[in-house]
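The block underneath contains the structure these notes are about, expressed in structure tokens.
Along the sequence shown, residues are numbered consecutively beginning with 1. Remember, it's 1-based here, ligands and their atoms both numbered in the order they're listed.
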Amino acid sequence: MKIIDTHTHLNAEQLYNDRQEVIERAKQNGVVKVINNGDTFDSFQVIGKLAEEYPSFCYSAIGLFPGMGTSEVNQDISRVKNIIQNTKNVVAIGEIGLDYYWEKDAQKREEQRVLFKKQIALASELHLPIIVHSRDADADTLNILLNSDFDENIILHCYSGSFQMANRYLNHNKKVYFGIGGVLTFKNARRLVEVVQRVDSKHFVLETDAPFLSPVPYRGTRNEPAYIVKTLEKLAELLNRNKDDLADEIYERSLRIYNIHE
Ligand SMILES: [Zn+2]
């Protein structure tokens with residue numbers, strides 16, 4: 001059984017300091033690769049170092065999280081581009097998107113949309129998939145993605161939208177994938193359970209978002225890639241599938257989505 005944690009943050013302080021043990025436990029649980037997702041300029045450097053240190057295990061997604069740009073957006077974009085071209089194992093632009101939960105100001109939200117659109121355009125130019133963060137902003141995220149001519153893979157990280165919304169994405173663009181994380185194991189995950197049971201499972205990838213969003217029974221404690229098996233087990237149960245077969249199927253799909261060659 002092989003697993004890729006397609007969205008994690010080993011660069012985060014909570015995980016970076018004992019990364020050796022964290023990676024060891026991940027491997028013991030079948031995790032053979034992770035994709036570390038960037039958010040700020042500072043994070044890109046650590047993500048690059050991880051890819052140098054663990055070249056067949058750590059892959060990099062480079063992108064500015066909503067609100068993490070400066071007032072010079074064009075300058076930010078060329079800086080991001082430059083970093084992508086000089087960082088090891090870059091497989092995506094992410095995590096990018098919209099976060100209206102943390103940002104209530106209308107002007108600032110508009111700036112988030114501008115930064116998001118420009119990073120989508122950069123991904124188009126570089127032919128890279130995008131990893132999308134959307135919180136309390138589903139309508140605008142959908143509008144921006146469906147109204148762009150972006151033609152690479154789109155991964156909706158920690159998907160929290162409805163089944164109907166998932167369908168709107170899929171009707172429009174078949175290159176959309178849903179990141180399924182620890183939330184699936186939560187008692188109140190009714191909406192996500194519906195998505196998992198009704199959307200074609202060939203659009204699913206697994207993720208942890210570690211150090212955040214630990215699956216049950218670790219909910220509330222620091223998350224790490226090893227715990228992804230709890231989400232896999234839940235997904236297999238809901239889909240009535242053999243866990244190992246499902247893992248291998250998702251693994252092969254993830255390699256294709258991110259164009260990773262072993
Ligand atoms: Zn994340």
For the Zn ion (ligand 1), the nearest N/O/S atom on His9 is atom NE2
If you draw the axis of the six-membered ring of Tyr100, does the NZ or CZ of Arg135 fall within 45° of it and under 6.0 Å from the ring centre?
no
So, His7 and the Zn ion (ligand 1): N/O/S under 2.8 Å, yes or no?
yes
Of all the N, O or S atoms in Asp209, which one sits nearest to the Zn ion (ligand 1)?
OD1
Using side-chain heavy atoms (C-beta onward) and a distance below 4.5 Å, is Asn259 in contact with Val91?
no
What N, O or S atom of Glu95 is found closest to the Zn ion (ligand 1)?
OE2
Side-chain heavy atoms of Tyr54 within contact of Arg19, under 4.5 Å
yes
Taking the six-membered ring for Trp, are Phe204 and Phe178 parallel (under 30°), tilted (30 to 60°) or perpendicular (over 60°)?
perpendicular
